[in-house]
Structure formats: structure tokens, C-alpha cells
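Reading through the C-alpha cells given below for one structure.
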Amino acid sequence: MNTPESAGGTAESVRRRARALGFDICRITTAAPPASAERFLDALASGRHGAMDWLARTAGRRTDPQSVLPGVRSIVIVAISYASSPPPSRRASTVATGRVARYARHEDYHEVMAPGLRALAAHLDSLAGPGGRSLWYVDTGPVLERDLAQRAGLGFIGKHTNLISRELGNWFLLGEVLTTADLAADPPERNRCGSCTRCLAACPTAAFPAPFTLDARRCISYLTIEWKGPVPEEFRPLIGDRIFGCDDCLEVCPWNRFAREGALMRAHRRPDLDAPRLRDWLSLDEAAFRSRFRGTPLMRTKRRGLLRNVCIALGNVGGAGDLDPLREAAGDSEPLIAEHAAWAVRRIEERLGVTLPAGSPGGEPPTPEGD
């Protein structure tokens, strides 16, 4: 067994190895169950996880790291920054564009982080000695990674339930390695939100019933990514021009003034996702969808989900020139797309105050009579 001195030295070697692999932050915590497990179970009991049934199925494992990796002694948490992506320009235009969450304007972070985590796990195996074992995850393992990251001192969970780092602000992604190696733990981080409630006020759909409490069923990120069915009509106007995720509660956090560019994600930017023309995406068939978005987070929604979101956004910000593409989409063989396209047509016509026949010219919308 490691002595406190040797465990501390070993932990520092792990941090050096993580930095060499491109991770911006590396912290270590124990394998004890997260103290916040009760809050997680309460969220499940109240149904605030929505249709994310896998959270309930793996609840027992998420609240006890020993059930994930028997003999685990330490958990290494790493983070990579994606703060190098500026928000897309919102210049005035007659062609409607959509917003993609900042992290998703890169190639899929699961694939970006995997090689480094695999190498870090191998390094930890060597430190653990004969019979040592490590498991790594990127947002997919049965672990409460934000809770563990706070205990490891990497950041603190804000009132918007996301992790905030004093070094990276809100703009970072997590990975973790559970290991049987015995490492010295870092001290936990304390909450530093103070009296600030900017994130709560910024949410378009009032998805925070209380500070530190998220109702995923009202969250735009959940509705545009995780939810696979028709989006409830009460939320559609509130989604605005967002077509994959939402950054509103993250963008207003004052801790972002400390955000810094990360090296690992820089080479994986997808500028074509900064401000896409919405009507262009309506014509994507299955093959074109896969070709355009392969290797990006947008594959997660599948064609039916992404075009559903595009139709909602066009219903909110589209103009006369979008009506014909939407009418064509209303005949799509996928009912989910067809229904949302028909809704978008009605929304645009209501906003213009007219009913335009098929084939009407696009561009600036006509002025309704009486204005």
C-alpha cells in the first residue's frame, strides 16, 4: 500500500501525464459514494429526469463506485475546454439561421477525449501494480461525474446544476477514470455562486424550479437532444432559433471571465455549424444527413430529431422564403418531421398575417394589410 508521501507523488505524476495528453485540468478524489446521491435519487423519484430512463436503471451503480469497479480506490477527473469557440455572429439577414450549442460545434467530444483517457487508464494500471485495473468514461459511464468533480476540487456545481471551474468558467467537458491505484485526493471545491441568480433568470423555459434543481422536462437541451417525440407546443415558441442544445444559462455566468482556450478541442472545430442556414437542412435525406454530421454530436438526434428542431426554429424565426421548403417537409415520410413542418408553416403565416400560396417569392416578408 502507498504511504501518504508516495501516494501524493504518484498523484502528481498522474496530473503531469494528463496534461501531457492534452487535458486542461486533472484532479483526483476518493472512491467513496457521492454525498449528493440523495439529491440524485430524489430527482429520479420526482420524474425530473424525463425520458432518460437509463439514469434510473443505473441509479444503484451511479451512487456507489464500488459497484462499477470492485476494488476502486481513486477516481481521476479530467476536463477539456471548448472556450475557443466564439458565439456565432447574429448579423441581420433575410435568411433564417439556427444556433447549435457551443460544445457541439466541434467533432464529437467522446471521440476526441477517448485516446487520452485510454492512455491515462493504462498509466494508472501500471501504477496500481499486478492485478490493477482502471475504467474510463466520457459522459457515458454510470457515475455522477459532476458531483465527483466537485469533490475532486475541479469545480463547483452552480445553481444551474452545471459544473463551474474557476479556471475554465462553464465551457468544459469532463472525463473520468476509476482505478484501483491508491492516489492522494485533492481537496474539494466549495460553492462560489454567492447571491448570483443570472443563470436561473436566463432560462427561456423556466426549467429551474429552485436553485440547484433542474427539471429536464422543461430544458431546451433535453427537448432538442434527449426527447425523441413531438415537442410540446407550449415549449416550441420558447425554443427560438436553437436547433441542438442551449447555452443560455452557461453564457451569463460571471465565472466565464476566467475561461481560457483549450488545446485539445482547437483542432476539431466545425465552423460550418456556427450559424447554419435552416432551410438548407430541410432538404437533407438520410444519406446526406449521415454524410454531413458523421463524427459530430448532432448524429445523436438522428435525422428525424434534427429536422424536427429545424422546423421549430423556422416556425419561430423563418420568413416567407421558408414556406415552400417547409411545405415540402410537411410531406416527409417521417411523421415527426411532417407534423412540426406543418406547425411551422402555420406559425410563419400567422406572423406575416397572410396565407401565401405555394411558390410565392421569398426574401423580406410582405407587409400585412392594415399596417
Side-chain angles (χ1 to χ4, degrees), residues 23-27 36 39-40 43 48 77-90 99-106 109 139 144-176 186 188-216 218-226 238-266 269 273-275 297:
F23 297 113
D24 296 304
I25 303 180
C26 175
R27 297 289 187 273
S36 58
R39 286 180 58 88
F40 169 66
R48 295 198 301 272
I77 312 289
V78 296
I80 58 170
S81 169
Y82 58 94
S84 59
S85 305
S89 172
R90 313 307 297 175
R99 272 189 285 175
V100 174
R102 192 178 298 198
Y103 81 89
R105 300 200 296 270
H106 297 78
Y109 66 93
D139 191 36
L144 298 179
E145 62 178 9
R146 283 174 290 184
D147 308 72
L148 294 172
Q150 178 168 284
R151 196 173 72 196
L154 193 148
F156 60 92
I157 296 175
K159 292 175 182 175
H160 54 11
T161 72
N162 290 288
L163 201 68
I164 303 170
S165 165
R166 289 190 285 164
E167 299 175 61
L168 303 177
N170 285 242
W171 308 121
F172 62 96
L173 301 159
L174 295 174
E176 52 276 343
D186 291 300
E189 176 65 285
R190 65 177 178 85
N191 182 271
R192 298 175 184 273
C193 287
S195 60
C196 179
T197 57
R198 296 182 195 179
C199 59
L200 307 183
C203 181
T205 55
F208 302 106
F212 308 105
T213 302
L214 170 70
D215 188 340
R218 301 186 64 89
C219 175
I220 290 175
S221 286
Y222 169 82
L223 291 169
T224 58
I225 302 174
E226 304 295 348
L238 303 177
I239 287 175
D241 61 351
R242 302 169 189 85
I243 53 177
F244 188 92
C246 178
D247 287 332
D248 286 26
C249 65
L250 303 177
E251 287 179 341
V252 299
C253 180
W255 285 99
N256 286 333
R257 67 183 181 272
F258 297 112
R260 55 186 172 87
E261 184 178 22
L264 197 58
M265 292 293 278
R266 186 186 307 145
R269 284 277 288 113
L273 300 180
D274 281 350

task: May I ask you to test the H160-F208 pair for a side-chain heavy-atom distance under 4.5 Å?
output: yes

message: Contact between D24 and F172 at the side-chain level, heavy atoms closer than 4.5 Å - yes or no?
response: no

- prompt: Quick one: CG on L154 to CD1 on I25, what's the gap to the nearest 0.5 Å?
  reply: 4.5 Å

query: Does R146 reach the main-chain N or O of T161 with its side chain, forming a donor-acceptor pair under 3.5 Å?
result: yes

- prompt: Atom CD of E176 and atom CG of L144: how far apart are they, to the nearest 0.5 Å?
  reply: 10.0 Å

- request: For atom CZ of R48, decide whether the heavy atoms of other residues, nucleotides or ligands shown that lie under 6.0 angstrom number more than 12.
  value: yes

query: Of the non-hydrogen atoms in N170 and Y82, which two are nearest, and what is the gap between them?
result: O-OH, 4.1 Å

query: Listed by chain and number, what are the side-chain hydrogen bond (donor to acceptor under 3.5 Å, both in side chains) partners of R218, not counting sequence neighbours?
result: none

- request: Return the minimal non-hydrogen interatomic distance between Y109 and M265, and the atom names on each side.
  value: CB-CE, 4.3 Å

field: R257 side chain to P254 backbone, donor-acceptor under 3.5 Å
entry: yes

query: Is there a side-chain contact between W171 and E251 (heavy atoms, below 4.5 Å)?
result: yes

- request: Output yes when R27 and E167 qualify as a salt bridge under the 4.0 Å nitrogen-oxygen rule, no when they do not.
  value: yes

message: Any heavy-atom pair between the side chains of R192 and I164 that's under 4.5 Å?
response: no

- prompt: Should L173 and D139 count as side-chain neighbours, where that means a heavy-atom distance under 4.5 Å?
  reply: no

- prompt: If we only count heavy atoms from C-beta on, is the L174 to I77 side-chain gap below 4.5 Å?
  reply: yes

message: So, taking the atom named SG in C203 and the one named CG in D215, what distance separates them when rounded to the nearest 0.5 Å?
response: 10.0 Å

field: Qualifying residues under side-chain hydrogen bond (donor to acceptor under 3.5 Å, both in side chains), relative to N162, sequence neighbours excluded
entry: none

message: How close do K159 and C196 get, counting heavy atoms only, and between which atoms?
response: NZ-O, 2.9 Å

- request: Taking all non-hydrogen atoms of both residues into account, name the closest pair between R39 and T213 and its distance.
  value: NH2-OG1, 3.7 Å

Side-chain atoms of residues 243-250: list all donor-acceptor pairs with protein atoms under 3.5 Å, sequence neighbours left out, distances to 0.1 Å.
unit_1 : atom_1 : unit_2 : atom_2 : d
D247   : OD2    : R102   : N      : 2.8
D248   : OD2    : R242   : NH2    : 2.7

query: Which heavy-atom pair separates W255 from F156 by the least distance, and what is that distance?
result: NE1-CZ, 3.5 Å

message: If you define the side chain from C-beta out and look only at heavy atoms, does anything of P211 sit under 4.5 Å from L200?
response: yes

task: Identify the two heavy atoms, one from A79 and one from L168, that lie closest to each other, and give their separation to 0.1 Å.
output: CB-CD1, 4.3 Å

- request: Examine distances only and state if a side-chain atom of R269 and a backbone atom of R105 form a donor-acceptor pair shorter than 3.5 Å.
  value: yes

